[in-house]
Amino acid sequence: MAPVATASNSQPDKIAALKAAAAEKTFNPFYSPPPIDDTNDFNYKYAEFKPAFPDVAWEPLGEFEVIDRGLSADPSKKNLFSAASKVKHLTPAIGTEIEGIDLRQLTDEQKDELALLVAERGVVFFRDQEIDIYGQLELAKHWGPLHRHATTPITKNGLEHVHVVYNDASRRPDPSAFSKLELWHSDVTYELQPPGPTSLKVITNPEVGGDTIWSSGYALYSSLSPGLQKYLEGLSAVHSAVAQADGNRAAGLPVRREPIETVHPLVRVHPATGWKSVFVNPGFTRRIIGIPKAESDAILTFLFRQISENPDFQVRFRWETNSIAIWDNRVVTHSATFDFWPATRHALRATPHGERPLSVEAYEKQYGKEAKDRQLEIWKQQGIEKPQATGTQNGTAPVKARYND
């Protein structure tokens with residue numbers, strides 16, 4: 001006699017249960033929006049800044065003028081540095097930590113000099129900052145018009161220009177849903193005018209874990225051979241918002257502005273420094289225009305792996321509550337570490353638009369001067385001539401690497 005089907009052993013019920021379990025488990029921290037969980041909000045100090053997804057519609061973004069504030073800064077940054085008790089570079093390529101400055105008290109001159117420092121160093125860190133999100137927004141407004149994200153959460157109290165980063169015990173990342181490479185990105189590079197100096201303040205932090213890593217596009221450009229540099233300078237790539245929008249729709253959440261795809265130069269020039277930076281990222285860059293797909297795939301894979309794997313380009317920051325990072329999305333990529341579950345991590349981001357990305361050709365035409373390689377410019381300041389070709393003796397005979405650690 002055939003077994004009688006029950007709720008526990010019928011095939012349709014088993015399939016439904018498996019699907020439900022998979023849906024609950026799967027979480028891609030880059031493209032998957034957080035659930036709205038109001039449990040215990042009355043006990044949480046920052047409940048008003050938890051994630052919310054208002055069902056509203058916004059018009060497409062147009063172009064507008066943005067003049068980089070770093071262009072107005074004193075190159076010596078005397079106003080900023082004289083107010084600091086300590087200025088410490090964390091690696092040669094990227095990252096500076098400043099002590100003794102209260103971001104609430106910055107003058108306009110100091111804000112301009114900070115913008116230039118962020119442009120030069122990629123990311124600048126401050127600890128023990130009492131500035132709140134309203135102060136963050138005012139600081140960001142000094143640098144450019146504020147960006148409103150079309151898909152990620154805003155605050156429950158309705159601050160549309162704030163991007164909420166929030167994860168708790170209900171959000172366990174599933175490594176079957178994403179690779180660590182996917183998490184590397186520059187913020188919303190699919191926009192016509194992607195962000196400039198961007199600030200993130202952590203307001204609730206795990207005791208350990210949840211670090212962020214930044215990688216320098218300047219350093220990546222400088223590491224390439226002259227021939228490859230020149231080739232990449234003539235290319236453009238597509239940056240896409242589609243995956244983020246699809247993630248919201250799959251979760252039944254609104255998309256406040258329809259997704260776009262935008263073509264940007266593969267190498268862009270920062271207007272304040274005049275330095276060249278590779279401008280692609282695994283999160284949003286999809287393909288290079290005008291070359292065979294196999295060639296595009298090979299180039300992007302190489303660049304993505306250099307961004308994520310070369311430690312010489314990177315700095316890693318250990319967050320503490322009330323730490324702030326300010327980075328320039330035009331010249332760095334970054335990635336979060338999702339190693340802190342089931343702890344809560346909550347941060348707020350203020351994001352000003354920058355200019356439309358300038359290719360080397362466009363920069364030199366607009367500003368009437370040559371775009372530069374950051375590393376070569378630093379060596380010139382140090383009185384060092386350009387080194388010989390890597391891996392050769394007198395540019396001809398190969399030599400073996402002697403460095404070991």
Side-chain angles (χ1 to χ4, degrees), residues 28 30-34 51-69 133 136-137 140-165 182 185-200 235-266 268-271 279-290 327-331 333 348-359 362-363 366:
N28 179 324
F30 190 64
Y31 297 122
S32 302
F53 292 89
D55 190 1
V56 296
W58 296 338
E59 293 294 321
L61 291 172
E63 287 194 60
F64 38 82
E65 184 179 30
V66 175
I67 298 176
D68 193 278
R69 297 300 305 180
I133 185 55
Q136 271 184 262
L137 291 171
K141 284 180 188 175
H142 184 80
W143 294 325
L146 296 179
H147 176 260
R148 294 189 301 176
H149 204 297
T151 57
T152 59
I154 68 170
T155 62
K156 286 181 67 175
N157 65 0
L159 298 177
E160 291 186 344
H161 295 94
V162 176
H163 169 88
V164 180
V165 177
E182 288 180 275
H185 65 285
S186 298
D187 295 320
V188 296
T189 56
Y190 47 75
E191 301 289 22
L192 292 173
Q193 294 178 234
T198 301
S199 68
L200 185 75
L235 298 177
S236 296
V238 174
H239 297 244
S240 177
V242 172
Q244 280 193 330
D246 288 348
N248 270 48
R249 288 179 172 133
L253 294 170
V255 175
R256 299 184 288 271
R257 190 170 51 241
E258 287 302 305
I260 64 171
E261 293 191 328
T262 306
V263 176
H264 292 310
L266 199 143
R268 72 180 296 178
V269 183
H270 195 292
F279 189 62
V280 297
N281 67 90
F284 300 121
T285 310
R286 296 294 174 257
R287 63 189 183 280
I288 299 173
I289 298 294
W327 68 95
D328 199 314
N329 266 300
R330 293 169 287 193
V331 297
T333 50
L348 304 175
R349 192 181 86 198
T351 314
H353 286 273
E355 74 289 345
R356 190 156 189 169
L358 292 170
S359 67
Y363 170 84
Q366 179 173 330

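Keep in mind that what you see is a predicted model, and the values were worked out from it rather than measured.
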Notebook entry, point to check: Of all heavy-atom pairs between P197 and W143, which one has the smallest distance, and what is that distance?
Noted result: CB-CE3, 3.5 Å
Margin query: Donor-acceptor pair, distance only, cut-off 3.5 Å: does the side chain of R330 make one with the backbone of V269?
Written below: no
Notebook entry, point to check: With H161, which residues qualify under ring pair (Phe, Tyr, Trp, His ring centres under 6.0 Å), at least two apart?
Noted result: none
Item checked: Contact check, side chains of E160 and R256, non-hydrogen atoms, under 4.5 Å -> no
Margin query: Tell me whether T285 contacts the main-chain N or O of G283 through its side chain, where contact means a donor paired with an acceptor under 3.5 Å.
Written below: no
Notebook entry, point to check: Would you call E258-R249 a salt bridge at under 4.0 Å N-O?
Noted result: yes
Note to self: For the backbone of D187 and the side chain of H185, can you confirm whether one donor and one acceptor N or O come within less than 3.5 Å of each other?
What the structure shows: no
Check: How close do P357 and F279 get, heavy atom to heavy atom, and via which atoms?
Finding: CG-CE2, 4.0 Å
Between side-chain atoms of residues 54-62 and protein atoms elsewhere (two or more places apart, or another chain), which donor-acceptor pairs fall under 3.5 Å?
none

Checklist line | Check: E191/H353 side-chain N/O donor and acceptor closer than 3.5 Å | finding: no
Check: Do you know which two heavy atoms are closest between V66 and G354, and how far apart they sit?
Finding: CG2-O, 3.6 Å
Note to self: Nearest 0.5 Å, please: how far is OG in S236 from CD1 in I288?
What the structure shows: 9.5 Å
Item checked: N/O donor-acceptor pair under 3.5 Å between Q136 side chain and L348 backbone -> yes
Margin query: Looking at every non-hydrogen atom in both residues, tell me the closest pair between A350 and A140 and how far apart they are.
Written below: CB-CB, 4.0 Å
Check: If you measure from CZ on F53 to OG1 on T152, what distance do you get to the nearest 0.5 Å?
Finding: 7.5 Å
Check: Do side-chain atoms of R148 reach the backbone of R257 as a donor and acceptor pair under 3.5 angstrom?
Finding: no
Margin query: Using every non-hydrogen atom in the two residues, find where P271 and D68 come nearest and quote the distance to one decimal.
Written below: CG-CB, 4.0 Å
Item checked: Results of side-chain contact (heavy atoms from CB on, under 4.5 Å) for V238 - residues two or more places apart only -> E261, V263, R287, I289
Check: W327 and S199: which non-hydrogen atoms are nearest, and at how many Å?
Finding: CZ3-C, 4.3 Å
Margin query: With side chain to side chain donor-acceptor pair (under 3.5 Å) as the test, pick out the partner of Y190 among Q244, R286, H264, H239.
Written below: Q244
Margin query: What verdict does the side-chain contact (heavy atoms from CB on, under 4.5 Å) test give for V255 and T151, after you've listed the backbone C-alpha separation in whole Å, the side-chain angles of each residue and the deciding distance to 0.1 Å?
Written below: CA-CA 5 Å; V255 175; T151 57; 4.1 Å; yes
Next item on the list: Check T189, T333, N329 against N281 for a side chain to side chain donor-acceptor pair (under 3.5 Å) and give me the one that passes.
Entry: T189
